[in-house]
Amino acid sequence: MKKFILIVLLLAVLGGAGYYAYTQFYSNTSADMESVLPSGAIFYTRFSDVENNRQKIISTDVWKNWKKIDFKSLFSELNNTVVQQEDVQKFLDNITGPDAQNIYKKFLSTDVAVAFYPTDFDYSNMQDMSEAKMLEKVFGGLFLVTRVSADVQAAEFLSRFVNNFGKNVTVRKVEYEGHTIQLIPLDGGDAEIGFVRFNDLMVLGIGESPAKKAIDVYQKTAPSLAEDAVIMKARKNAIASPDVFSFWDMAGYFRSMMTALNSLPNIQDNPEMFRQEMDDLERSFSGIEGFSVSVDIDTNLSTIKSDFYFNIDQMKNTALAELYTNCRPVENKTIQFIPKDVMAYYWGTCLDFNYYWSEIQRELAKSPGHSAQRIAAVEQTLGMSIEDDILPAFGNELGGYMTEIQTGGFFPVPKLALFVKTGDLTKARTLMDKLIQQVPLIMPQEETYDGMSIKYLASPIPDVQPSYAFLDNYLLITLNRALMKSSIDTMKDKTLSLLENESFKEVNKGLTDKAVNVQYLKSDKFFLRLENIVEWGNAWAGSQEQKKVAFQAGAEKKLQDTKSQISILEQEIEELQNKVLLVDDEIWNFETKNMDTTMKKQEKESIKNDIAYKRGEVSAFKEQLPEIEMMIQDYSQSNNEDGRQALINDFLYPFLKGLQALKTVGSKTVSGEGVLEGTTYIKL
């Protein structure tokens, strides 16, 4: 286990995970990193000019607030053992200490890339493997490439870092195809970190295999990652010269996953069910090719582009293939009734109720009896057919917006609205009229506002009056009536719409063009409201903790009283037993004198009945003891107010404060042939 921890820690440090992932990534990179990696990677991420981009990040208010997160105090307050706290502190010291900083500076301050390849790991033979062999198999597909200067003595730095965790190590060298592979043993030499250099590039991995594969690529005896069709397509669609570029070969990953699943032991216990599950997985993932992300970091307006690739012709799920086929960019007309001051907004097309209904039916077909009855019951209640009346009522656009989250009442109440495009306006009106009549105990109301009909429920909760109305070809449902009126006002006066919002204008880089979905978030306000919700939740939890303390005190008193009652009863039983002995003596004395003993025997029987009754009470009280003790234990375990406060004060508050430094986020998605392209803009 020690080797496992050491390997994971070293890979985390070298790969920019943990602390380094937050402080040292993003940048422009050159393609020759891909030219020394083998083809066939299922995951690949590259960063470059790391130090320059690190400086950008640490200069932001986001990072300045996140630096206030006190992990040491947090772990200490969360009832961790002293050993766990020491392990955490040791970990933090090692990844922030001088040697780690030297590694960051020497190895990770310019260009860095991480790639992962499927391995031939056989899960059925895990128990027969040594720990080192299993680690090599699991992490054998992990490659790290970094750009280093010629004067860097890699073996010296890495071995010094490893020495912090154990005895001194000796670097082993292996010659392969004219190149030297250097290997640094970890904790006894059962596992090794191997690396090879090509001019200013260095490739690292577990064991000799990654270095040898990189040499084969460098010698051009094996294809490189740069030649992969999936990465070539991803790079073509990515942001020009991105600070971060990453792709996931989803088809390759699913193939690897299916191979691993089929090798699992005990699959023959129910082979028919297992095969059905495998077929369902294959059906779900068929035709899905990959996903890529590219990032441009800017302290004013950053950009993130994501691309999802698919092949409709290879999809076995014909309904899903039809959904992607029909998913095309259209004009967004909902923005005409979105109020100017919204905090969050989403609009999306490509909603296909027929597709989701077909998937529901497919699942219901596995247990047709009860499911068919439930569907029939719903249709009978509404007096409408799902397929003939409900599904045609709606179109393929769905969305919503939120203007505020009120936290001053008994619980947080969002000012929330949802909308959906209608397919058949008459059927949509009929459906909504029938649904609102199904609400128990509340009579639906109707109001005409500026010539438009608003139907609503007069809820007893302040600021909550669920309402709906039809605005042109859209059904709008709001949590309160005032919000509905705001949308109607906006539709009549375009100067009140989101288009006139200055924050929206800052991220409106084509957000109003034809698209398949659009999102907008006034993130500083949104995360401030989340902070308000945390405060409300903390106050509520505090009141619950006080109740638990009171309940615990009551339970402890009940336990004490119960034990005291048992003690009193047992003492009374002992006294009664002594009294029985005295009565027996009196009965014997009466008998020796030929006196009548009837009364004494009745007295004795009465005492014995008292004893039996009190013993029953003792037994009943003793049966209550475990339940009371368990109740006290549950209260004690659940009452961790200090831990909750530490989580909120040391983590949640600075984390949310950091996110509040993100002023505005806007994004859109468009579709093309075989790709969905999403672009997000972040205003700092």
- Output yes when a side-chain donor or acceptor of Ser523 lies under 3.5 Å from a complementary backbone atom of Leu662, and no otherwise. yes

- Would you check if the distance from the ring center of Phe310 to the ring center of Tyr324 is below 6.0 Å? yes

- Message: Looking at every non-hydrogen atom in both residues, tell me the closest pair between Val217 and Pro223 and how far apart they are.
- Response: CG2-O, 3.6 Å

- Do Lys485 and Glu447 sit within salt-bridge range, that is, some charged N less than 4.0 Å from a carboxylate O? yes

- Message: Checking side-chain polar atoms at under 3.5 Å, does Glu397 have a donor or acceptor matched by the opposite partner on Tyr474?
- Response: yes

- Query: Are the side chain of Gln445 and the backbone of Met443 linked by a donor-acceptor contact shorter than 3.5 Å?
  - Reply: yes

- Lys683 side-chain N/O to Phe504 backbone N/O, donor-acceptor pair under 3.5 Å: no

- Item | pair Phe285-Met257: side-chain heavy atoms closer than 4.5 Å | yes

- Mind running side chain to side chain contact (heavy atoms under 4.5 Å, CB included) on Ser487 and Leu471 for me, showing each step along the way? CA-CA 9 Å; Ser487 276; Leu471 280 61; 4.2 Å; yes

- Message: Show the nearest heavy-atom pair for residues Phe337 and Pro339, with the distance to one decimal.
- Response: O-CD, 3.4 Å

- Note on the structure: To the nearest 0.5 Å, atom OH of Tyr520 lies from atom CG of Leu511 at 10.5 Å

- Message: Can you confirm whether Pro444 sits close enough to Leu457 that some side-chain heavy atom of one is under 4.5 Å from a side-chain heavy atom of the other?
- Response: yes

- Query: Does one side chain, of Asn508 or Glu506, offer a donor that lies under 3.5 Å from an acceptor on the other?
  - Reply: no

- Side chains of Tyr309 and Ser292: donor-acceptor distance under 3.5 Å anywhere? yes

- Query: So how far is it from Asp389 CG to Thr430 OG1, rounded to the nearest 0.5 Å?
  - Reply: 8.5 Å

- Thr680 side chain vs Ser667 backbone, donor-acceptor pair below 3.5 Å: no

- State the CG-OG1 distance between Asn517 and Thr349, to the nearest 0.5 angstrom. 9.5 Å

- SB check Glu502 Lys663 (cutoff 4.0 Å): no

- Task: Under the side chain to side chain contact (heavy atoms under 4.5 Å, CB included) rule, what do Tyr456 and Thr478 come out as? Steps first, then yes or no, please.
- Result: CA-CA 9 Å; Tyr456 64 95; Thr478 62; over 6 Å; no

- Message: Side chains of Thr325 and Glu322: any donor to acceptor distance under 3.5 Å?
- Response: no

- Exercise: do Tyr681 and Asp296 side chains pair donor with acceptor under 3.5 Å: no

- Heavy-atom closest pair, residues Asp307 and Asn237: OD2-O, 3.7 Å

- Answer yes or no: is there a side-chain heavy-atom contact under 4.5 Å between Leu475 and Phe394? yes

- Query: Got Val464 and Val413 here, is their nearest side-chain heavy-atom distance under 4.5 Å?
  - Reply: yes

- Message: Taking the side chain as everything from C-beta on, heavy atoms only, tell me whether Glu446 gets closer than 4.5 Å to Ile454.
- Response: no

- Item | Verdict with supporting geometry, Met33 and Leu225, side chain to side chain contact (heavy atoms under 4.5 Å, CB included) | CA-CA 9 Å; Met33 297 192 111; Leu225 184 61; over 6 Å; no

- Ser294 and Lys305: side chain to side chain contact (heavy atoms under 4.5 Å, CB included), yes or no, with the steps? CA-CA 5 Å; Ser294 53; Lys305 189 173 186 296; 3.6 Å; yes

- Query: Looking at side-chain heavy atoms only, is the closest gap between Glu289 and Lys233 below 4.5 Å?
  - Reply: yes

- Task: Could you tell me whether the side chain of Asp424 and the main chain of Lys427 form a donor-acceptor pair under 3.5 Å?
- Result: yes

- Message: Does any part of the side chain of Ile390, heavy atoms only, come nearer than 4.5 Å to the side chain of Leu431, both counted from C-beta?
- Response: yes

- Note on the structure: Heavy atoms of Gly672 and Arg328 approach each other most closely as O-NH1, 4.2 Å

- Item | Arg235 to Phe245 six-membered ring, cation-pi geometry met (6.0 Å, 45°) | no

- Task: Using atom types as modelled and distance alone, determine if a side-chain donor or acceptor of Asp228 lies under 3.5 Å from a backbone N or O of Gly40.
- Result: yes

- Message: Would you say that more than 12 heavy atoms from the other residues, nucleotides or ligands in this model lie under 6.0 Å from the NZ of Lys492, or not?
- Response: yes

- Give a yes-or-no answer on whether the side chains of Tyr345 and Thr334 include a donor-acceptor pair shorter than 3.5 Å. yes

- Salt bridge present between Lys455 and Asp433 (N-O < 4.0 angstrom): yes

- For the side chain of Thr669 and the backbone of Val516, is there at least one donor-acceptor N/O pair under 3.5 Å apart? no

- Give the C-alpha distance, both sets of side-chain angles, the deciding distance and a yes or no for side-chain hydrogen bond (donor to acceptor under 3.5 Å, both in side chains) between Asn473 and Thr422. CA-CA 6 Å; Asn473 292 321; Thr422 59; 4.6 Å; no

- Message: I'd like to know if the side chain of Ser256 reaches the main chain of Gly252, judged simply by a donor and an acceptor atom lying under 3.5 Å from each other, with no hydrogens or angles considered.
- Response: no

- Residues Arg529, Glu404: salt bridge by 4.0 Å N-O rule: yes

- Shortest non-hydrogen contact between Asn480 and Asp463, atoms and distance: CB-O, 3.2 Å

- Task: May I ask you to check whether over 12 heavy atoms, not counting those of Lys494, lie within 6.0 Å of atom NZ?
- Result: yes

- Rounding to 0.5 Å, atoms CG (Leu676) and SG (Cys327) come to a distance of 5.5 Å

- Query: Taking the side chain as C-beta and beyond, is there a heavy-atom pair between Ile304 and Ile682 under 4.5 Å?
  - Reply: yes

- dist Thr664:OG1 -> Asp524:CG (nearest 0.5 Å) comes out at 6.0 Å

- Message: Quick check on Lys525: does its NZ atom have over 12 non-hydrogen neighbours (other residues, nucleotides or ligands) under 6.0 Å away?
- Response: yes

- Task: Applying side-chain contact (heavy atoms from CB on, under 4.5 Å) between Val244 and each of Ile297, Val295, Ile239, report the one that passes.
- Result: Val295

- Item | Worked verdict on Tyr449 versus Asp489 for side-chain hydrogen bond (donor to acceptor under 3.5 Å, both in side chains) | CA-CA 10 Å; Tyr449 179 77; Asp489 291 340; 2.8 Å; yes

- Would you say Lys213 has more than 12 foreign heavy atoms packed within less than 6.0 Å of its NZ? no

- For the student: nearest non-hydrogen atoms of Phe143 and Pro38, plus distance: CE2-CD, 3.9 Å

- Will you find, in the side chains of Thr495 and Glu500, an N or O donor that is under 3.5 Å from an N or O acceptor? no

- Going by atom types alone, do Ser497 and Gln336 pair a side-chain donor with an acceptor below 3.5 Å? no

- Euclidean distance, Leu37 CG relative to Ser224 OG, rounded to 0.5 Å: 8.5 Å

- Backbone N/O of Arg429 and side chain of Lys434: donor-acceptor pair under 3.5 Å: no

- Item | Ring geometry between Trp248 and Tyr253 (parallel below 30°, tilted from 30 to 60°, perpendicular above 60°) | perpendicular

- Determine whether the side chains of Thr403 and Asp341 contain a donor N or O and an acceptor N or O closer than 3.5 Å. no

- Side-chain donor/acceptor of Tyr401 to backbone N/O of Phe419, under 3.5 Å: no

